[in-house]
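Each remark here refers to the structure printed beneath this line.
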Amino acid sequence: MSELIQIVDSLENRISKLLHKLEVLQRLNEELENELVSIKSVQQKADKSVSDWEEKYNSLKLANSMLGINTNKTEAKLKINTLIRELDYCVTQLAE
């Protein structure tokens, strides 16, 4: 009988340790999930910032092309043609 009590005590002890480990792992998991959300937010802000800077760079590059500072005039012509096509499309849509 005493051996059975020892086995039960041992099982209770192991279960208690496992439950404690489970709680610790759940807390750690929650902290990691919060950190992941935070990192994703920072990454989205960085991506938006990169996108904004790329847009500014392309605008500056186009302005320089139009001013004749840059030797790549074909890029400026293509951009102007694209803008004209977009304007034509908008005018057509408004006329309908």
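The model shown is predicted, which means the values in this text are computed figures rather than measured ones.
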Just list the side-chain donor-acceptor pairs under 3.5 Å for residues 20-42, sequence neighbours left out, or say none.
from	atom 1	to	atom 2	distance (Å)
N34	ND2	E30	O	3.4

Heavy-atom donor-acceptor pair, T92 side chain to D88 backbone, under 3.5 Å: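 Checking the backbone N and O of D88 against the side chain of T92, a donor-acceptor pair under 3.5 Å is found.
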
Within this structure, what is the [atom1]-[atom2] distance for the pair [X] and [Y], rounded to the nearest 0.5 Å?
X: L87; Y: T82; atom1: CG; atom2: OG1; value: 11.0 Å
X: Q6; Y: S10; atom1: CD; atom2: OG; value: 9.0 Å
X: E86; Y: C90; atom1: CD; atom2: SG; value: 7.0 Å
X: W53; Y: L60; atom1: CH2; atom2: CG; value: 10.5 Å

Salt bridge (Lys or Arg N to Asp or Glu O under 4.0 Å) with K48: which residues, sequence neighbours excluded?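 Per chain and number, K48 pairs via salt bridge (Lys or Arg N to Asp or Glu O under 4.0 Å) with D52.
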
Heavy-atom count check: over 12 atoms from other residues, nucleotides or ligands less than 6.0 Å from Q93 CD? yes

Hydrophobic cluster mates of L11, side-chain heavy atoms under 4.5 angstrom, ILVMFWY only, any path?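 Hydrophobic cluster check, L11: joined to I7.
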
